[in-house]
Engineer: 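Below is one structure. I have some questions about it.
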Amino acid sequence: MAVNKVIYGGNTLVDLTGDTVTAADLADGVKATGADGNPIVGMTQKVTIDAELSATSTNPVQNKVIYNALLGKVGTDIFSGFALMGATFTIAWRQGSQPVGSINASSYTVTARAAICDGESNVITKTYAKKDTANTWTAEQSLNNANITLERYAASSVSGTSATPTASTAVYTATGNFTLDLNSIAGNLTNGQTTVFTARINATADYALNINIDGVISYIGKASDVAITSAGLLLNVFISRLDNSITCIVQASKLS
């Protein structure tokens with residue numbers, strides 16, 4: 001007969017009725033007495049906890065072993081890339097045993113080394129515009145809204161009887177009747193684009209000026225006004241490509 005409570009002389013000497021232990025709570029082979037006074041033999045297999053990391057063991061490992069293993073990897077390629085997956089996650093790093101910084105989704109506690117390349121391995125100092133130094137762009141830039149204090153243009157200088165400009169401004173010295181071919185500039189325009197070409201033409205005598213362009217030419221004033229005098233001429237030509245057709249408007253001002 002099982003006994004789970006012993007009272008002697010009015011005093012309770014043993015009381016197992018409140019025990020909650022079961023066989024599942026005890027390691028395999030460990031014995032105890034249950035709340036009903038019957039013996040209990042543990043059924044749970046003992047768990048071996050490893051004291052070192054292993055590539056083959058399936059046992060759990062001590063917390064301090066994991067900590068020390070990760071600490072030894074700080075500064076190596078295992079930490080060369082990581083991602084913060086939420087605002088509450090923080091990554092901290094040490095120098096030796098001393099904490100030196102941390103980062104989370106909203107703050108960074110130390111000064112980072114400047115990046116030298118972007119995500120496509122372009123060297124930043126050679127790829128991007130610098131704020132306080134001159135920049136040389138060799139490819140077309142699209143500026144939707146520019147606030148420019150001073151514009152300066154490289155101007156070609158030609159002496160002779162013809163020119164085929166490729167830039168927005170030029171200075172010419174005409175030595176005879178002069179032919180100006182604007183097809184190169186017009187050819188750089190895509191549909192929906194416009195440009196303005198400006199030139200000063202000097203001369204020591206009066207000469208005719210002929211403008212060549214594969215498109216429609218209109219004049220401000222008379223076409224006969226577009227002539228070179230010995231005093232010189234200021235020429236402005238507005239060129240547009242609309243509906244894949246070239247149109248230009250010519251304005252010529254004789255100097256005095």
Side-chain angles (χ1 to χ4, degrees), residues 117-256:
C117 293
D118 63 13
E120 297 179 351
S121 298
N122 297 309
V123 178
I124 291 175
T125 56
K126 297 180 180 179
T127 307
Y128 298 97
K130 306 175 186 68
K131 182 178 68 172
D132 299 322
T133 58
N135 296 278
T136 300
W137 288 327
T138 57
E140 180 177 311
Q141 309 296 314
S142 295
L143 305 176
N144 293 329
N145 189 348
N147 183 358
I148 300 174
T149 302
L150 174 66
E151 289 183 313
R152 294 183 297 173
Y153 297 90
S156 60
S157 180
V158 175
S159 178
T161 58
S162 66
T164 303
T166 58
S168 295
T169 62
V171 177
Y172 301 125
T173 298
T175 59
N177 293 334
F178 197 84
T179 299
L180 185 64
D181 190 333
L182 296 177
N183 284 304
S184 180
I185 289 180
N188 286 324
L189 299 179
T190 60
N191 199 41
Q193 290 185 331
T194 65
T195 191
V196 175
F197 172 74
T198 299
R200 174 176 177 170
I201 305 177
N202 300 311
T204 57
D206 295 345
Y207 299 115
L209 174 62
N210 180 46
I211 297 176
N212 287 341
I213 192 167
D214 294 334
V216 177
I217 302 179
S218 300
Y219 298 90
I220 296 177
K222 299 178 181 178
S224 59
D225 294 335
V226 184
I228 302 170
T229 69
S230 59
L233 180 75
L234 180 64
L235 180 71
N236 292 303
V237 183
F238 175 85
I239 306 171
S240 65
R241 180 184 290 272
L242 300 174
D243 297 327
N244 291 315
S245 296
I246 294 294
T247 300
C248 70
I249 302 173
V250 178
Q251 179 186 44
S253 300
K254 297 179 181 179
L255 303 181
S256 60

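Every value quoted in this text rests on a predicted model; they were computed, and no experiment measured them.
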Engineer: Can you give me the closest heavy-atom contact between A252 and L233, atom names plus distance?
Structural biologist: CB-CD1, 3.8 Å

Engineer: Taking the side chain as everything from C-beta on, heavy atoms only, tell me whether T175 gets closer than 4.5 Å to S159.
Structural biologist: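 SC-SC contact between T175 and S159 confirmed.
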
Engineer: Answer yes or no: does atom CG of D243 have more than 12 heavy-atom neighbours from other residues, nucleotides or ligands under 6.0 Å?
Structural biologist: no

Engineer: Which heavy-atom pair separates V226 from Y219 by the least distance, and what is that distance?
Structural biologist: CG2-CD2, 3.6 Å

Engineer: At their closest point, which heavy atom of L182 faces which heavy atom of P165, and how far apart are they?
Structural biologist: CD2-CG, 3.7 Å

Engineer: Between I185 and F197, which heavy-atom pair has the shortest distance, and what is it?
Structural biologist: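 The pair with the smallest heavy-atom distance is CD1-CD1, 3.6 Å.
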
Engineer: Quick one: does Y172's side chain get under 4.5 Å of N202's, heavy atoms only?
Structural biologist: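 Heavy-atom side-chain distance check fails, nothing below 4.5 Å.
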
Engineer: Should N145 and N147 count as side-chain neighbours, where that means a heavy-atom distance under 4.5 Å?
Structural biologist: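 N145 vs N147: side chains apart.
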
Engineer: Can you tell if the side chain of L189 reaches within under 4.5 Å of the side chain of T194, non-hydrogen atoms only?
Structural biologist: no

Engineer: Only counting residues at least two apart or in another chain, list the ones meeting side chain to side chain donor-acceptor pair (under 3.5 Å) with N188.
Structural biologist: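 By the side chain to side chain donor-acceptor pair (under 3.5 Å) rule, N188 matches no residue at all.
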
Engineer: Return yes if some donor-acceptor pair links the side-chain N/O of D181 with the main-chain N/O of T164 below 3.5 Å, else return no.
Structural biologist: no

Engineer: Looking only at non-hydrogen atoms, find the nearest pair between A167 and A154 and report the distance.
Structural biologist: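 Answer, listing the atom of A167 first, then A154: CB-O, 4.2 Å.
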
Engineer: Working note: I228 + F178, criterion side-chain contact (heavy atoms from CB on, under 4.5 Å); need CA distance, chi angles, decisive distance, verdict.
Structural biologist: CA-CA 8 Å; I228 302 170; F178 197 84; 3.6 Å; yes

Engineer: I want to check something: taking the side chain as every heavy atom from C-beta on, are L180 and N212 in contact at a cut-off of under 4.5 Å?
Structural biologist: no

Engineer: Look at the side chain of D214 and the backbone N and O of N183, then say whether any donor-acceptor pair between them is shorter than 3.5 Å.
Structural biologist: no

Engineer: Once you round to the nearest 0.5 Å, how far does CZ of R200 lie from CG of L255?
Structural biologist: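 Result: 5.5 Å between the selected atoms.
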
Engineer: Within this structure, what is the OG1-CD distance for the pair T195 and Q193, rounded to the nearest 0.5 Å?
Structural biologist: 9.0 Å

Engineer: Go through the structure and list residues passing side chain to side chain contact (heavy atoms under 4.5 Å, CB included) with D206, not counting sequence neighbours.
Structural biologist: T229, S230

Engineer: Drop me the distance from T169's OG1 to E151's CD, to the nearest 0.5 angstrom.
Structural biologist: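 If I round to the nearest 0.5 Å, the distance is 11.0 Å.
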
Engineer: Show every ring pair (Phe, Tyr, Trp, His ring centres under 6.0 Å) that has at least one partner inside residues 235-256, sequence neighbours left out.
Structural biologist: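 Passing the test, one end in residues 235-256: no pairs.
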
Engineer: Indicate the atoms forming the closest heavy-atom contact of T133 with N135, along with that distance.
Structural biologist: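 What the structure gives for the nearest pair is O-ND2, 3.1 Å.
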
Engineer: Side-chain contact test, heavy atoms from C-beta onward, threshold under 4.5 Å: evaluate it for I220 versus I249 and give yes or no.
Structural biologist: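 Contact flag for I220/I249 side chains = yes.
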
Engineer: Can you tell me how far the OG atom of S253 sits from the CG atom of L234, to the nearest 0.5 Å?
Structural biologist: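 Output value for this atom pair is 5.5 Å.
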
Engineer: Are the side chains of I213 and I246 in contact, using a 4.5 Å heavy-atom criterion?
Structural biologist: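 Yes. Closest side-chain heavy atoms under 4.5 Å.
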
Engineer: Would you say the side chain of V250 lies within less than 4.5 Å of the side chain of N236, judging by non-hydrogen atoms?
Structural biologist: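 Not touching, per the 4.5 Å side-chain cut-off.
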
Engineer: For N177 and A208, indicate whether the former's side chain and the latter's backbone hold a donor-acceptor pair under 3.5 Å.
Structural biologist: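 Checked: pair present.
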
Engineer: If you measure from CG on D225 to CG on L209, what distance do you get to the nearest 0.5 Å?
Structural biologist: 12.0 Å

